[in-house]
S.K.: 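First the structure, which I've put down as structure tokens, then a few questions once you've had a look.
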Amino acid sequence: MFRPLPKTTQRLAMFFIWGGGVITVLILMVVIGYVLVQGLPGLSLDFLTTPPQGGLSGEGGISTIIVSTIYLVAVTVVILVPIGFFASVYLAEYARDNRLTHLIRYGVEVLAGVPSIIFGLFGFALFVTALHFNFSILSGALTLVCLLLPTMIRTTEEAIRAVPYSYREAVLAMGATKWQLVWRMLLPVALPGIVTAIILCIGRAIEETACLYVTLGGSPAMPTSLLSGGRTLSLHVFYLAMETRAFDKAMATGAVLIITIIVINFLTNWLSSRFQARLGGRK
Amino acid sequence: MIKKSKWFALPLAALLVLVFVLAGCTTNATSTPTTTATATPASTATSSPTKTATAKATATGLSGNITEAGSTTVQPVAESIAAAFMAKYPEVKVVIQGGGSGVGVKSVAEGTVDIGAASRELTNDEKALGIVDHVIARDGIAIIAHSSQMVNGLTKSQVKDIFSGAITNWSQLGGANKTIHVVAREEGSGTRAAFEEMVMGKDTVITATAILQSSNGALKTTVAGDPDAIGFLSFGYLDSSVKALDIDGIAGTVANAKNGTYPIVRPLLFLTKGEPEGLVKEFINFCLGPEGQAIVAKDYISLN
Amino acid sequence: MSRYFTDRLARNVVFICATVSFVILLAIAVFIFKEGLPAFKEIGFINFIFGMVWRPGQEQYGIFTMIVGSIAVTAGSLILAIPLGIACAILLADVAPFKLRRFLRPLVELLVGIPSVVYGLVGLVLLVPAVREIGGNGFSIATASIVLMAMVLPTIISISEDSIRAVPMSYKEGALAMGATHWQTIWRVLLPAARSGIGTSIVLGMGRAVGETMAMIMVIGNAIILPKTPLDPARTLTGNIAVEINYASGLHENALFATGIVLFIFIVILNSIAVILFKRGTHVQTVT
């Protein structure tokens, strides 16, 4: 049987590894590069501050879209963060190793893998139809909360668990109740980690489209209340690309999204490295 | 360490939201069956407690909110009329959303919007739900192709054969030797329903290989980007990015539709649950009146 | 308010919040099954799953073409993404110089976060016309697979890289000391040791591919046919739900929820596989 020399295989393999790597990087660079190159020229203060003319003409800017996005994300965060924080505190500090805990963990894990559109279907059935919130910021935000809860719980739990055990012993030894331990010690110490988790969730909320497509309504008008419809930046890209020929505006909005994601990634990396340095430094 | 007070803010805010939610929920539940002009009933509960959501005809004019959803064919004209209506009555807010004719019928039947929009006739089942239709305009359906398409006109039966899949190549129609790419709308689209009724007839269905898009805009975008595509589109969406083909030798223009020579014309409807009242009635009357019809006449066929 | 009271209160609040996620999962299951099961009853399970015709206007609901569509794009994207992704993961984990890694790793992480509509947009503008040159109308399984590949790649790369990197240094040193070439070390030692992590990355990537909605609507054409070649258009399960749910009512709406059930079951199976793989992976590593 013919067996190529190890050296030949080595060369060939390295060629393919580098080739594969280069192709991958090229593909990925094309996605970001193309959107930025096409989108940045259309990006101006004017674009950011004028309202879009409506779903059907591609004209106008994205001011109301930005407001809708921020509004939606804010409402989501306000509901998500307390629930997510308390839930992760339970899992990290209170939970005993019993079936219920396993059930909760299993729930979180499965929930994390459920596709966005299923959350959308659920949100549509429960919030939009059954509870009569209609297509609104509220319906969208509540759906997002369901979607993001697993991410929030997991990352926050990690942050809380990262706090060295000796800290807890010290606080409990002084006679503090468990809640005092959580509120006065764990929360402040793990804060950068928790903030990282929140920013991560904000990032995912901004990326999300499918579940919002069926719960948010897509109105480009300025939202006035929790029950008015809205359109996020991602949805706007979708509507522009599909409903109009305004690919330039779609690209510009896409560029705004990519820049936002870059900033969010930078923030999370910076915060988590600071968090680790802080815990490491005090050991 | 962080001050305690600051950290009470988050749960507190969450609590507030919950309270709003509950308040919004109850207001909504009580008001939807009556179908007054309470478009966003929870506006009382959320941002502006002073503003009541029901319509008030005051000396200065009208105030309140109206929501409309449904047919994407009606959407552009509804948006324009809404803008004019809001300009006349600054206290009124009219929100126009798309979705398709199916959404319009469904939402108005469920009371999730004040006005539904449809670009096809109501079925008897739908009328049985207590939905009242108001014809606000009429609209032609254009058969469109890419702007570079060599074929300029088709007969109605050729259109039928193309969309049923019997004719598959542009050369069969005097064009280039290229496969025809049929682009159609989703089921639930009023334009599709009207097209099927007027062109396809009862027994012929649109070919399964057709690319399906979920709105007039998406359909136009697709046809505009594909040299071999053909599709059907509301007159209101026609622009230079696509080419409207003549049908039986008649150009697809508003004038031809108005004088009755263009063969594919259907009504555009506003739908209300029961007879309209208050603000909604004012809005529909505005659409039917001279100001509304003047806007309609720009891209669609006005009623007179 | 005594601190002991607060403590007890907090214990309850914290517990309730923790159960919320499980309750949501239950609620999702209950809602989707409640809305979807009537469709199975009315249409018949076999007719629904294996029916070839989806025509809500004529009360015909068969999702077989969409199941095939979903599987086809998922398979297509994975066939493209797995070799590229693993090659890239090996490159980043073991071959590339540190400086290159420092530059590439954040880029890959960034790409995980790019909204799917942006991938869809690039696909629509660049890829659809390009594929049209080859044949068909551009909206096709091939186009969708390539777009999905780009979305799945970052997931596969980052998790695979982590797992390759997690293989203890001593393994590699041992292999190299015995005179193995770099490639032999990678192929015979590193990859087998990182097998479960790579498997997990693929399953997660698959989950992402199956669940993707908006980008698919944009580039796949949404036609309800059984695709015969990669250049044919198709429709995915996710796309079917998103495109039609807003105007569906009655049995049509139930049928869309039933589509959701099929998707849901699909994903739960995939996830369970991922969890099993992941557990086995950590287990093996603690034993050795």
Side-chain angles (χ1 to χ4, degrees), chain A residues 53-58 74-83 85-86 127-139 141-142 145 183-185 187-189 191 198 213-214 216-231 238-247, chain B residues 1-2 4 7 9-18 20-21 24-25 27-29 31-32 39-48 65 67 69 72 75-76 79-80 83 93-99 107 110-113 213-222 224-225 236-237 239 241:
Chain A
Q53 269 198 6
L56 305 156
S57 78
V75 175
T76 307
V77 165
V78 164
I79 305 172
L80 173 71
V81 169
I83 300 179
F85 173 70
F86 289 139
F127 305 127
V128 177
T129 313
L131 293 177
H132 286 290
F133 296 158
N134 303 344
F135 295 115
S136 62
I137 300 265
L138 183 62
S139 300
L142 289 172
V145 168
W183 200 244
R184 300 279 182 79
M185 196 281 284
L187 177 62
V189 174
L191 192 63
I198 297 172
Y213 181 63
V214 297
L216 199 56
S219 156
M222 186 67 89
T224 49
S225 77
L226 277 177
L227 289 187
S228 49
R231 182 189 285 192
F238 179 79
Y239 282 116
L240 284 180
M242 295 297 282
E243 307 280 314
T244 71
R245 299 279 297 156
F247 287 124
Chain B
M1 292 255 171
I2 290 87
K4 214 176 170 184
W7 283 95
L10 277 183
L12 200 69
L15 200 72
L16 276 174
V17 168
L18 278 178
F20 285 153
V21 167
C25 186
T27 339
N28 207 342
S31 66
T32 32
T40 50
S43 57
T44 42
T46 51
S47 54
S48 51
N65 295 316
T67 47
T72 60
Q75 197 176 353
E79 277 175 356
S80 307
K93 188 159 184 272
V94 186
V95 176
I96 306 291
Q97 297 184 343
S107 326
E110 285 175 354
T112 49
V113 296
Q213 294 295 8
S214 54
S215 67
N216 274 297
L219 186 137
K220 185 176 75 178
T221 310
T222 309
Y237 281 80
D239 61 25
S241 70

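Heavy-atom basis, side chains included; hydrogens, waters and symmetry copies ignored. Labels below follow one simple rule: chain letters A, B, ... track the order of the sequence lines, proteins then strands, and each chain is numbered from 1.
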S.K.: For residues A:L226 and A:S136, report the shortest heavy-atom separation together with the two atoms involved.
M.R.: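 The pair with the smallest heavy-atom distance is O-CB, 3.5 Å.
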
S.K.: Using non-hydrogen atoms only, which part of A:A141 is less than 4.5 Å away from chain B: side chain, backbone, both, or neither?
M.R.: neither

S.K.: If you take all heavy atoms of B:D239 and B:K220, which pair is closest and at what distance?
M.R.: OD2-NZ, 2.7 Å

S.K.: Which atom pair, heavy atoms only, marks the closest approach of A:F133 to A:L227?
M.R.: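 Looking at all heavy atoms of both residues, the closest pair is O-CD2, 3.7 Å.
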
S.K.: Does any backbone or side-chain atom of A:F127 lie under 4.5 Å from a heavy atom of chain B? Answer side chain, backbone, both or neither.
M.R.: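 Neither; nothing under 4.5 Å.
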
S.K.: Answer with side chain, backbone, both or neither: which region of A:F247 has an atom nearer than 4.5 Å to a non-hydrogen atom of chain B?
M.R.: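 When you check distances to chain B, only side chain atoms of A:F247 fall under 4.5 Å.
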
S.K.: Checking B:S214 against chain A: side chain, backbone, both or neither under 4.5 Å from a heavy atom?
M.R.: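 When you check distances to chain A, only side chain atoms of B:S214 fall under 4.5 Å.
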
S.K.: So, for B:E110 and A:H132, which heavy atoms are closest and what is the spacing to 0.1 Å?
M.R.: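 Where B:E110 meets A:H132 most closely, the heavy atoms are O-CE1, 4.3 Å.
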
